[in-house]
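Working notes, structure below.
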Amino acid sequence: MAEQVLMPQLGESVTEGTIGQWLKHPGDRVEKYESLLEVLTDKVNAEVPSPAAGTVVKLLVEEGTTVPIGTPICELDTGSGEGAVAADKPAAPAAEEAPTAAPAAAPTAVSTPAPAAAAAAPASRDGVRYSPAVRRLAAEHHVDPAEVTGTGAGGRVTRDDVLKFVEAGAKAPAPAQAPAPAGAPAAPAPAASVAVGAPAQIEDGDTLEPVSQVRRVIAERMVRSKQTVPHAWLMVEADVTGLVALRAQHKDAFRAREGVPLTYLPFMLRAVVRALKAVPIMNAQWNGSEIVVKKRVNVGIAAATERGLVVPVIHDADEKNVIGLAKAAQDLTQRARNGRLKLEDLSGGTFTVDNTGAVGTVLTYPIINAPEVGIVTMESIVKRPVVMPGDAIAVRSMVNLCLSFDHRVVDGAEAALFVNTVKKELEALTPSSSID
């Protein structure tokens with residue numbers, strides 16, 4: 001009995017997904033809940049489990065292709081397995097023509113369109129079909145896909161084929177220009193500064209690195225966020241001398257007892273959670289004609305991995321103490337770096353915290369993880385002289401807290417109240433404070 005597997009829902013407001021890598025291929029046996037493929041979410045690959053045990057019959061969507069949620073992506077034979085096909089059988093032509101849906105609130109274009117000959121790469125030519133991913137990549141590099149030799153099943157042109165063609169220095173022929181009618185004004189030259197996707201100058205000795213699927217998704221989402229969300233930014237500094245002493249006092253015993261390190265991040269997370277409770281509009285999402293103030297407090301934690309930036313989510317973070325937040329953050333960070341996050345780990349976020357101080361920064365301007373309305377960073381803690389009450393000067397441990405917020409939803413007064421609440425919570429910590 002054949003069963004279709006559909007592109008899963010990847011999170012709130014997400015309308016499409018990209019096939020990152022098939023972990024099983026036609027003819028392979030897969031058990032129920034065993035990883036079937038990797039799907040590109042906003043910022044990371046997420047493994048998708050098989051909905052049933054069976055044999056993979058057919059892959060309906062090739063790697064690198066973006067399709068809407070609910071699109072059939074493969075077929076499983078959940079019976080005796082007699083319906084399985086050979087591993088080298090090409091995917092159905094209709095699957096290659098799966099449309100790429102535009103996410104909600106996406107801008108009309110992320111970059112300036114390529115010239116007409118490249119931007120209008122045909123879906124097929126001489127009976128050869130080109131996937132949406134191949135057509136898009138060919139347009140970006142001004143390449144005619146008909147000139148690329150395909151190495152895929154049945155001679156199909158793949159993304160790697162296009163990239164190799166570009167790296168070899170091949171160029172598509174410039175389109176013929178019809179002479180302008182006598183007296184017609186000359187078309188104005190495009191402004192180079194407007195072209196977000198303007199081609200780079202490649203010189204001898206330069207190295208061309210293909211853009212990975214994860215990096216491509218990160219780029220598209222970051223550009224979309226900056227183009228559609230009116231970012232505003234502010235910063236305050238906090239005296240965390242008491243926090244530094246508190247952590248130093250407990251970190252060794254904490255690791256021995258709990259099995260995870262005691263970093264500054266869980267204290268920051270607890271302060272942010274309390275600030276979100278005090279200023280609920282920061283725990284909201286922009287939804288076009290309405291603002292959705294979220295009931296649950298689900299805090300995303302930005303983390304760097306070898307494959308790119310990851311934002312796993314601590315769900316119901318307001319129900320956890322410092323110990324619970326430390327364990328949750330450690331678990332998510334480790335699984336993110338090992339590529340073992342689940343879809344639910346990447347969905348439902350209502351606010352994001354970025355521990356940029358871990359990489360040594362002292363001042364950053366983070367990009368909002370839309371449709372959330374804010375992201376806050378905790379910078380490096382540094383010792384410096386500070387003027388104390390009574391004009392005394394003392395060496396204190398200081399940290400900058402940087403907040404980017406969506407000015408459509410939040411005004412400066414509310415944003416300042418939020419970040420100052422975080423500051424107050426951190427400054428209230430002393431060596432005698434409880435970490436339970």
Side-chain angles (χ1 to χ4, degrees), residues 222 225-244 264-287 290-302 311 313-314 317-318 322 325 349-358 361-389 396-430 433:
M222 293 299 98
S225 178
K226 289 294 289 185
Q227 287 185 337
T228 61
V229 178
H231 283 57
W233 180 88
L234 56 80
M235 181 272 289
V236 299
E237 60 179 3
D239 184 341
V240 291
T241 305
L243 168 59
V244 171
Y264 295 114
L265 180 59
F267 296 100
M268 177 66 174
L269 291 171
R270 184 174 66 174
V272 167
V273 165
R274 292 178 175 176
L276 291 174
K277 289 289 190 178
V279 190
I281 194 62
M282 291 300 302
N283 194 53
Q285 294 179 347
W286 174 259
N287 196 34
E290 57 193 2
I291 297 171
V292 182
V293 181
K294 306 296 289 184
K295 178 180 180 181
R296 298 178 66 185
V297 179
N298 301 332
V299 180
I301 49 173
V311 187
V313 177
I314 300 177
D318 54 325
V322 169
L325 291 169
T350 60
F351 190 86
T352 298
V353 174
D354 195 351
N355 185 24
T356 48
T361 63
V362 294
L363 193 68
T364 56
Y365 183 2
I367 298 177
I368 296 169
N369 189 17
E372 297 171 14
V373 301
I375 176 173
V376 68
T377 69
M378 183 179 191
E379 305 295 328
S380 295
I381 297 175
V382 297
K383 287 186 176 182
R384 56 185 180 83
V386 176
V387 178
M388 304 295 290
R396 308 290 290 179
S397 294
M398 306 297 293
V399 65
N400 293 330
L401 306 174
C402 304
L403 174 71
S404 293
F405 58 96
D406 185 341
H407 220 323
R408 296 174 300 183
V409 179
V410 180
D411 292 327
E414 297 160 322
L417 176 59
F418 169 81
V419 77
N420 276 295
T421 302
V422 177
K423 166 187 167 79
K424 180 180 178 181
E425 290 288 338
L426 293 176
E427 290 186 335
L429 295 171
T430 69
S433 297

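All values below come from the heavy atoms of this structure, side chains included, with hydrogens, waters and symmetry mates left out.
With contacts defined as side-chain heavy-atom distances shorter than 4.5 Å, the pair Met268/Val353 qualifies. When side chains are defined from C-beta on, Ile367 counts as touching His231, because their heavy atoms get closer than 4.5 Å.
When every heavy atom of Glu379 is checked against every heavy atom of Thr377, the shortest pair comes out as OE2-OG1, 2.6 Å. Shown here for Ser433 and Ala428, the closest heavy-atom pair between the two residues is OG-O, 4.0 Å. The two residues Glu237 and Glu427 come nearest to each other via the heavy atoms O-OE2, 4.3 Å. Closest non-hydrogen pair, Ala370 versus Val229, comes out as CB-CG2, 4.1 Å. Pro266 and Val322 make their closest contact through CB-O, 3.7 Å (heavy atoms, listed as atom of the first residue, atom of the second, distance). Counting all heavy atoms, side chain and backbone alike, Ala317 lies closest to Val299 at CB-CG2, 3.9 Å.
Partners of Phe267 according to the ring pair (Phe, Tyr, Trp, His ring centres under 6.0 Å) rule, which considers only residues two or more places apart in sequence or in another chain, do not exist here.
Between Ile375 atom CD1 and Asn369 atom CG the span is 7.0 Å, to the nearest 0.5 Å. Atom OG1 in Thr241 sits 12.0 Å away from atom CG in Leu426 (nearest 0.5 Å). For the atom pair NZ (Lys383) and CD1 (Ile381), the distance works out to 11.0 Å, reported to the nearest 0.5 Å. To the nearest 0.5 Å, atoms CZ (Arg384) and CG (Asp239) are separated by 9.0 Å.
Counting non-hydrogen atoms of neighbouring residues, nucleotides and ligands closer than 6.0 angstrom, the NZ atom of Lys424 reaches no more than 12 such neighbours.
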I would like to know whether Val376 and Val422 meet side chain to side chain contact (heavy atoms under 4.5 Å, CB included); could you show each step before the answer?
CA-CA 10 Å; Val376 68; Val422 177; 5.7 Å; no
CA sep, side-chain torsions, deciding dist, call: Asn298, Thr350, side-chain hydrogen bond (donor to acceptor under 3.5 Å, both in side chains)
CA-CA 5 Å; Asn298 301 332; Thr350 60; 5.4 Å; no
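When atom types are taken as modelled, the side chain of Asn283 and the backbone of Lys295 share no donor-acceptor pair closer than 3.5 angstrom. At distances below 3.5 Å, not a single donor-acceptor pair connects side-chain atoms of Ser397 with backbone N or O atoms of Val240.
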Under 3.5 Å donor-acceptor pairs involving side-chain atoms of residues 401-409, not counting sequence neighbours:
| unit_1 | atom_1 | unit_2 | atom_2 | d |
| --- | --- | --- | --- | --- |
| Ser404 | OG | Pro366 | O | 2.6 |
| Asp406 | OD1 | Arg408 | N | 2.9 |
| Asp406 | OD1 | Arg408 | NE | 3.1 |
| Asp406 | OD2 | Arg408 | NE | 3.2 |
| Asp406 | OD2 | Arg408 | NH2 | 2.8 |
| His407 | ND1 | Val410 | O | 3.1 |
| Arg408 | NH1 | Thr228 | O | 3.4 |

For residues 270-282, please give each side-chain donor-acceptor pair under 3.5 Å, one per line with the distance, not counting sequence neighbours.
| unit_1 | atom_1 | unit_2 | atom_2 | d |
| --- | --- | --- | --- | --- |
| Arg274 | NH1 | Glu425 | OE1 | 3.0 |
| Lys277 | NZ | Asp318 | OD2 | 3.0 |

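Using cut-offs of 30° and 60° on the angle between ring planes, the pair Trp233 and Tyr365 is tilted.
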